[in-house]
Structure formats: C-alpha cells, structure tokens
Amino acid sequence: MSYIELSEDIDRLYEMHFYERKIWEQEFKLVAGLDEAGRGPLAGPVVAAAVVLRKELLIPGLKDSKCVSEQERPLLAERIKTCAAGWGIGIASVGYIERCNILQATFYAMVQALRRAGLRPDHVLVDGRMEVPDLGIPQTTIVKGDQKSAAVAAASILAKTTRDAIMRYYHRLYPKYGFNRNKGYPTAEHLAAIKKYGPCFLHRRTFRGVKENLRDDYRFSSFGFECECSPGD
C-alpha cells in the first residue's frame, strides 16, 4: 500500500469511528458492534458476532464484509481478533430458526455473541433498524451500520467468516447442494438441487424455496423443533 493509499485508508477508517467517538465523548468506555450473517439463506444457522474495539484503534483494511473478498476476509478476521479488546460469536441453529422464527433467532445469536465477548460493553452499536430486546445495555441502531461503524464492520467480518466456515463443513456432509459455493443462499444452482433431491436436515423448512419441496420423511420429522426460545439460554 502506497503512502497516499495508506493516508486515504486512515481517513476512511477515522470516518468509520464517527458513532464510536460520539459515544466515547459521553464517557462510555467500551463500545461493541453487533452484526449477523445468515438471515436470508435457505439452509444453515444464523451467526452473530460482537466486537469491542480499543478506543481509536484503526485496523488497516477494515470494511463491511460484503466489500472484502472471500480470500481476504479470514486474514482480516484474524487481525480483528488479535487487535480487539474483546469479541464473541453466537449461533442460532436451524432448529432454533424453525421454532422461534429468523428474527428471534438473530436476537438470540446476538445476545450469545455479547455474552461471549469476554467483557461487558457500556454501549452497543447494532446493525439495522431494530434494537435487541432485553439486552440490558444502552444501544444505538444504525442502518447499514456495517458500512458506517468500525465496530459493526468488524462484527460483520467475524460473523461472515464464521458462517462461511460452517457452510463449507456442511458441504462435506451434503455435497450435492453446493454449500461451499452458495453458503445456503437461494442461488439457481441451490434451488435446482432442492427441487431434485428434496431438502436435507440443514434446510429451513418454513422458508419459501424449501417448504414447496418437502417430502413426507422430512415434513413430519421432529428436526428443527428441539430448542426453546428463551433468550436466557
């Protein structure tokens, strides 16, 4: 990276700390970012990450996960884990999604991520429009927060890399669905595979694209309803 590129990256990263600086100015010391990956797919869990960045720490190359290549994300994720004051991952299984719905599963994963961050933040920045219920910590929602907040962007990287790794593992168990490529999202290839083979136990059977292709041995199984919905779990 040239001097000019480095200078531009520093300026960009400084701007990405706008929300963090506003909160630090209110004497909140620990600010966490919360984001998720996996609300839209037809298969696999929803994964959330919480990241507490050290005050005014600038992590080179930090961006929204969608703006970082699949090859670069793991390197950036390791950099975040090394530099962060704390970080945690929360996972809501397909079963949780089926029983409680995708929104409640997302909230559950976010709460678990915060609990596993290793320290309790004073304030939380949440990607999106909706606050996490019963969090017990002051929070600020930010639409497109993964593009506007450094802490949320860092969380988006950890959530995305964790979920991608899970889906690559699932591909080894169910290779015919192409999870290593589509990560469970409704691509043409994935939809065609569901139609041809029917869903596997990793599919969200209440989601459009899956429920139309349920077969009796899957439709009446108890899979997916093994968990409770209490956020306190």
Side-chain angles (χ1 to χ4, degrees), residues 9-10 12-39 45-70 72-92 105-133 135-166 183 231:
D9 198 44
I10 290 174
R12 179 185 63 81
L13 289 169
Y14 184 80
E15 289 301 316
M16 286 186 71
H17 283 79
F18 171 77
Y19 288 95
E20 287 84 346
R21 285 197 303 275
K22 285 180 64 177
I23 295 169
W24 285 326
E25 288 168 1
Q26 300 172 39
E27 298 186 357
F28 289 104
K29 295 181 179 179
L30 297 176
V31 181
L34 265 181
D35 200 7
E36 54 73 30
R39 286 188 64 173
V46 60
V47 176
V51 176
V52 183
L53 293 183
R54 301 184 189 280
K55 190 172 182 179
E56 298 296 351
L57 172 70
L58 302 182
I59 299 177
L62 179 60
K63 298 177 183 177
D64 167 18
S65 62
K66 296 184 288 295
C67 299
V68 181
S69 72
E70 189 168 2
E72 293 174 323
R73 280 188 212 123
L75 298 175
L76 185 52
E78 288 306 311
R79 195 179 305 157
I80 291 166
K81 292 176 182 178
T82 300
C83 297
W87 62 274
I89 299 293
I91 299 174
T106 300
F107 290 152
Y108 172 82
M110 286 182 166
V111 170
Q112 295 305 309
L114 270 176
R115 287 181 175 176
R116 293 168 182 162
L119 70 175
R120 181 180 174 86
D122 301 307
H123 199 102
V124 178
L125 300 173
V126 184
D127 183 54
R129 299 180 183 276
M130 300 184 66
E131 291 190 351
V132 182
L135 193 59
I137 302 172
Q139 55 186 301
T140 299
T141 59
I142 308 172
V143 176
K144 296 185 178 179
D146 46 8
Q147 300 174 22
K148 301 174 183 178
S149 159
V152 176
S156 78
I157 294 289
L158 296 196
K160 177 65 174 171
T161 53
T162 301
R163 190 178 187 281
D164 283 358
I166 291 171
K183 307 302 189 296

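What you see is a predicted model, and the numbers here were worked out from it, not measured in a lab.
A heavy-atom distance below 4.5 Å is not found between the side chains of Leu76 and Thr161. Glu36 has its side chain within reach of Met110: a pair of non-hydrogen atoms, C-beta onward, lies under 4.5 Å apart. Glu20 places a side-chain heavy atom less than 4.5 Å from the side chain of Ser149. Considering only heavy atoms from C-beta on, Pro45 comes within 4.5 Å of Ile166 through its side chain. Counting only heavy atoms from C-beta outward, the side chains of Trp87 and Ile80 never approach each other to under 4.5 Å. At a threshold of 4.5 Å between non-hydrogen side-chain atoms, the residues Arg79 and Pro60 count as touching. Between His17 and Tyr14 the shortest side-chain heavy-atom distance does not fall below 4.5 Å. At least one side-chain heavy atom of Asp164 sits less than 4.5 Å from a side-chain heavy atom of Lys160.
Distance check: Arg115 CZ to Arg120 CZ gives 10.0 Å after rounding to the nearest 0.5 Å. Once rounded to the nearest 0.5 Å, the distance linking CG of Asp127 with NZ of Lys144 reads 10.5 Å. Put simply, CG on Leu30 and CG on Asp122 are 5.0 Å apart, with the number rounded to the nearest 0.5 Å. Here Thr162 contributes atom OG1 and Ile157 contributes atom CD1; the two are 11.0 Å apart, rounded to the nearest 0.5 Å. Atom CD1 in Ile23 sits 4.0 Å away from atom NE2 in His123 (nearest 0.5 Å). With rounding to the nearest 0.5 angstrom, the CD1 atom of Ile89 is 5.0 Å from the CG atom of Leu158.
Ala159 and Ala49 get closest at one heavy-atom pair: N-CB, 3.6 Å. When all heavy atoms are compared, the tightest approach of Tyr108 to Ile91 is CE2-O, 3.8 Å. Annotation for Ala32 and Leu114: closest pair CB-CD2, 4.1 Å, computed over non-hydrogen atoms. Summarising the geometry of Ala113 relative to Ala48, their closest heavy-atom pair is CB-O, 3.7 Å, with the distance given to 0.1 Å. Pairing each heavy atom of Leu62 with each of Ala153, the nearest pair is CD1-C, 4.1 Å. A pairwise comparison of heavy atoms in Met130 and Phe107 identifies CE-CZ, 4.1 Å as the closest pair.
At distances below 3.5 Å, at least one donor-acceptor pair connects side-chain atoms of Gln139 with backbone N or O atoms of Val132. Side chain of Asp35 to main chain of Ala155: no donor-acceptor pair is present (N/O by atom type, distance under 3.5 Å, no hydrogens or angles). When atom types are taken as modelled, the side chain of Arg39 and the backbone of Val46 share no donor-acceptor pair closer than 3.5 angstrom.
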Checklist entry - For Val111 and Leu135, what are the C-alpha separation, side-chain angles and deciding distance, and is it a side-chain contact (heavy atoms from CB on, under 4.5 Å)? => result CA-CA 7 Å; Val111 170; Leu135 193 59; 4.2 Å; yes
Next on the checklist: The test is side-chain contact (heavy atoms from CB on, under 4.5 Å); show your working for Tyr19 and Lys148 and say whether it passes.
Outcome noted: CA-CA 8 Å; Tyr19 288 95; Lys148 301 174 183 178; 4.0 Å; yes
Checklist entry - Where do Arg129 and Thr141 land on the side-chain contact (heavy atoms from CB on, under 4.5 Å) test, with the steps shown first? => result CA-CA 6 Å; Arg129 299 180 183 276; Thr141 59; 5.6 Å; no
Checklist entry - Could you go step by step and tell me if Arg73 and Glu70 meet the salt bridge (Lys or Arg N to Asp or Glu O under 4.0 Å) rule? => result CA-CA 5 Å; Arg73 280 188 212 123; Glu70 189 168 2; 5.1 Å; no
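The pair Lys81-Glu78 counts as a salt bridge, with a side-chain nitrogen and a carboxylate oxygen less than 4.0 angstrom apart.
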